[in-house]
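Shown next, in structure tokens, is the structure this report addresses.
Numbers restart at 1 for each chain; the letters A, B, ... are given by sequence-line order, proteins then strands.
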Amino acid sequence: MNFEWTQDEEAFRQRLRDFLAATLPEDWERFSQHGPASPALTDYARTFCGRLADEGLLTPHWAREIGGQGLDPWHQTILAEEMWIAGEPRGGQYMNVNWVGPTLIRYGSDAQKARYLPAITGGRALWCQGFSEPGSGSDLASLRTRATRDGDVYRVSGQKIWTSYAGLADTCFLVCRTSDDRKQGISILLVPMDTPGITVRQIPSLIGEGDIHEVFFDDVVVPVEARLGEEGQAWEIIGYSLTNERLGIPRYALARAALDRAVTLLQAQGEFAGEAVRIEAAHAAALCEAARMASYAIVDRRCRGEAIGAESSSARFATVMAERRVCEFIVEYLPQALADAHPYLKMHHQRGIVAGIAAGAAEIQLNIIASDVLKLPREPR
Amino acid sequence: MNLSLTDDQIAILDAIDTLTRPYAGATLHEAGFALTSEALDRDLAEGGFLDIGFDPDLGAISAALVVERLARLPQTVEAAASALIRPLLGDATPRPLCLVEEDKTHRPVRFLAPGATVLLVGPDRVRSFVAGPEHVRAEPEALYAYPMGNLIAQPDDRTDHSVSADDIRTRWRVALAAEAAGLLAAALDSTATYVTDRQQFGRPLATFQALRHRLAEAQVRANGLYWLAMKAASTLDAGDAALAALHAQESARTSVYDFHQFLGAMGMTLEHPLHLWTYRLKALIGDLGGRGGQALAAADALWG
Ligand SMILES: Cc1cc2nc3c(=O)[nH]c(=O)nc-3n(C[C@H](O)[C@H](O)[C@H](O)COP(=O)(O)OP(=O)(O)OC[C@H]3O[C@@H](n4cnc5c(N)ncnc54)[C@H](O)[C@@H]3O)c2cc1C
């Protein structure tokens, strides 16, 4: 076991930091507070991702065959950490490079690849993920948005909700029902967001501007060629997408960075001397580092080509514990952070509180750990 | 970064598994509070497993792996201090090695018996002596799954060690975290097996979500603890060690009560072996100032 970064890994991290320092605008910290889905950041991300692409830093972790540099999952982790700590200047485009692109490459038709990949690798595309519905959150397989075959087209009707980036996205990775079979009756359509019949409503939120939306589909006509994979193949494809996105966002890294920032501010104010505040900060740090190490253990296994399953739920829940404790620490000891005194901490708070919900709720992670890590018999349904 | 075990580490852990297999399957019915085994202790010492930390090529990380693996056994052996702290004192130091905070000599001490080395760790000095019968009162009734003794007297001549007390405390924290990681994993395993087998209301207890979620949370803690402990053993950094020990004591505190709770009345008996792990964890919770002590040490190391 070797817990040190290699020279190459350190150099890669430094290169990213140098790039960020040279590229981000001066008022970035205040600006990034608008949230990764805000119009301002979405717009900026096009410029930023274009520069990343020019530097070969947008998709370096993709395999060489698909236009990447074949860098290993450690590099992917370092890239994700540095971007997320910086406030995610890629905006919603991080999804493209993490899983939308690789999924299209694996399952897409030649026409789909030709249509969508250049914009992704050029840093210009913005996708949204149409999975959740008002009646289908954790129980995704109960989804009801219907795609009915009508000759060469599908007619899509239904509603999605909590859809990030939908207001500005150009394409939706839409999961919808093509038959009544619970899991085998679900298919994926790649739908341009300007297709007639789609209405988007932004949902005001606690977590930053423009983040979540309702998307209504009213008899939307989608050509059959827009289907990704076969009819009924969605569950398998989503499974593949998830293996590329198992760990998701490296939230532990921002949580730890926010904690360090909060401590520095408290020290400057002479408010980090008492035992209570020091003890609480250390508890938060321990949870951040536990989450980081649990995540790294999975990255290491990915490097060895091992299949990753339920262990990632354990790392995910560890991250939820860390985010919660850091958020609570800042609310208790630096309450002015939520009132605009410290943009970076405000930005963290907005993103931190969703850790237990977005991309699979915390209790669902615990269910998975119980069944698939601890191998306990399942709950009756 | 590369978190795979080296070939040497795999070989060492395999050898330990082979050596301990007969012990792991021991009949545990009415084992008593602490289950000791002189034969196991001898086998491990003779096999050199407790001296691995002396080999600079294997280092503290390999020693910590050994400590973690041995802690999963129902038997308790003095491995943590020997494997991780003895390398700073010299291989002439007799085992068992008993760690004592200089200002807390009134507390019961793990493995303290005549012939043991007592290491007195003060704020900035480290001294030791070999205990004689006149220094020790056994505590056979202690509610811990370690053999415990009380230090009732000390000799006048104690050996001064020219090691830094801070380095000793760092390794103490690593030792504690590595041992707790193994104990927590084994206790969780034992509890998971019980709730899988035990049926109430016509179904295994393990199918009730109230239990499942708390056990899953213990898994998250045990996994995090394992990695924090190994990282701290690898870096021997004061901050890493304090975070690992903090996570150990906090996780022990939250998990031990739950595990016994989930066994119902069976968890209150000596007929089930769970206590052989949990009542060792209980003995580790108060070391070096408990959670507050680790947290303050971590804050000092991380932020000054
Ligand atoms: C910021 C943000 C961005 C999002 N972006 C997207 C997006 O782009 N696209 C998209 O499709 N979705 C998105 N989502 C939705 C997200 O995937 C869902 O919120 C999530 O899957 C949970 O579903 P839900 O909100 O309906 O909660 P519910 O499923 O209603 O759950 C509510 C609570 O009940 C608990 N619960 C549910 N089932 C069980 C069970 N079996 N056992 C125990 N407890 C249970 C949950 O853990 C949770 O605590 C986003 C969510 C957020 C917060």
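- B/Asn223 touches chain A through its side chain: at least one heavy atom from C-beta onward sits under 4.5 Å away, while N, CA, C and O do not.
- Across all their heavy atoms, B/Leu246 and A/Ala286 have their closest contact at CD2-CB, 4.0 Å.
- Among A/Thr6, A/Val299, A/Leu374, the residue making the largest number of heavy-atom pairs under 4.5 Å with chain B is A/Leu374.
- The residue among B/Ser234, B/Gly59, B/Gly224, B/Ala242 with the most heavy atom pairs within less than 4.5 Å of chain A is B/Ser234.
- Residues of residues 205-215 of chain B having a heavy atom under 4.5 Å from any heavy atom of chain A, listed by number: B/Ala206, B/Thr207, B/Gln209, B/Arg212, B/His213, B/Leu215.
- Heavy atoms closer than 4.5 Å to chain B are found in both the backbone and the side chain of A/Trp5.
- In this structure, chain B has no heavy atom under 4.5 Å from any part of A/Thr264.
- Using a 4.5 Å cut-off between heavy atoms, B/Leu188 touches chain A through its side chain atoms alone.
- Looking at B/Glu217, B/Gln219, B/Arg221 one by one, the single match for side chain to side chain donor-acceptor pair (under 3.5 Å) with A/Ser314 turns out to be B/Gln219.
- Proximity to chain B is limited to the side chain of A/Gln267, based on heavy atoms less than 4.5 angstrom apart.
- Taking A/Cys303, A/Ala291, A/Ala297, A/Ala315 one by one and counting their heavy-atom pairs under 4.5 Å with chain B, the maximum is reached by A/Ala297.
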query = Do A/Asp260 and B/Trp303 pass the side chain to side chain donor-acceptor pair (under 3.5 Å) test, and can you show the C-alpha distance, the side-chain angles, and the key distance before you say yes or no?
reply = CA-CA 8 Å; A/Asp260 286 341; B/Trp303 300 297; 2.8 Å; yes
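- Neither the backbone nor the side chain of A/Arg292 comes within contact range of chain B, judged by heavy atoms closer than 4.5 Å.
- By the neighbour-count criterion of 12 heavy atoms within 6.0 Å, atom CZ of B/Arg72 is densely surrounded, having more than that number from other residues, nucleotides or ligands.
- Contact of B/Asp300 with chain A is made through backbone and side chain together, with heavy-atom distances under 4.5 Å.
- Annotation: A/Glu10, atom CD; neighbour count of heavy atoms from other residues, nucleotides and ligands within 6.0 Å is above 12.
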query = How far apart are the C-alpha atoms of A/Gln365 and B/Val220, what are their side-chain angles, what is the distance that settles it, and do they pass the side chain to side chain contact (heavy atoms under 4.5 Å, CB included) test?
reply = CA-CA 10 Å; A/Gln365 311 304 326; B/Val220 174; over 6 Å; no
task = For the pair A/Met1 and B/Thr6, evaluate side chain to side chain contact (heavy atoms under 4.5 Å, CB included) and give the outcome as yes or no after the intermediate values.
result = CA-CA 6 Å; A/Met1 280 183 190; B/Thr6 62; over 6 Å; no
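- Closest approach of A/Asp300 and B/Ser4 over heavy atoms only: OD2-N, 3.4 Å.
- Taking NE2 from A/His283 and CZ from B/Arg291, the interatomic distance works out to 5.0 Å, rounded to the nearest 0.5 Å.
- Residue B/Ala295 comes nearest to A/Ala282 through the heavy atom pair O-CB, 3.2 Å, listed as atom of the first residue, atom of the second, then distance.
- Both the backbone and the side chain of A/Asn2 come within contact range of chain B, with heavy atoms under 4.5 Å apart.
- Between B/Met1 and A/Phe3, the shortest heavy-atom distance links the atoms CE-O, 3.5 Å.
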message = Let's go through B/Leu302 and A/Arg256 carefully: what are the C-alpha distance in whole Å and the side-chain angles of both, what is the deciding distance for side chain to side chain contact (heavy atoms under 4.5 Å, CB included) to 0.1 Å, and is it a yes or a no?
response = CA-CA 11 Å; B/Leu302 265 45; A/Arg256 178 61 203 272; 3.6 Å; yes
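- Interface with chain B: from residues 268-278 of chain A, residues A/Phe272, A/Glu275, A/Arg278 qualify, criterion being any non-hydrogen pair under 4.5 Å.
- Within 6.0 Å of atom CG in A/Asp18, more than 12 heavy atoms from other residues, nucleotides or ligands are found, so the atom counts as buried in its surroundings.
- The two residues A/Met293 and B/Lys231 have their closest heavy-atom pair at SD-CD, 3.8 Å.
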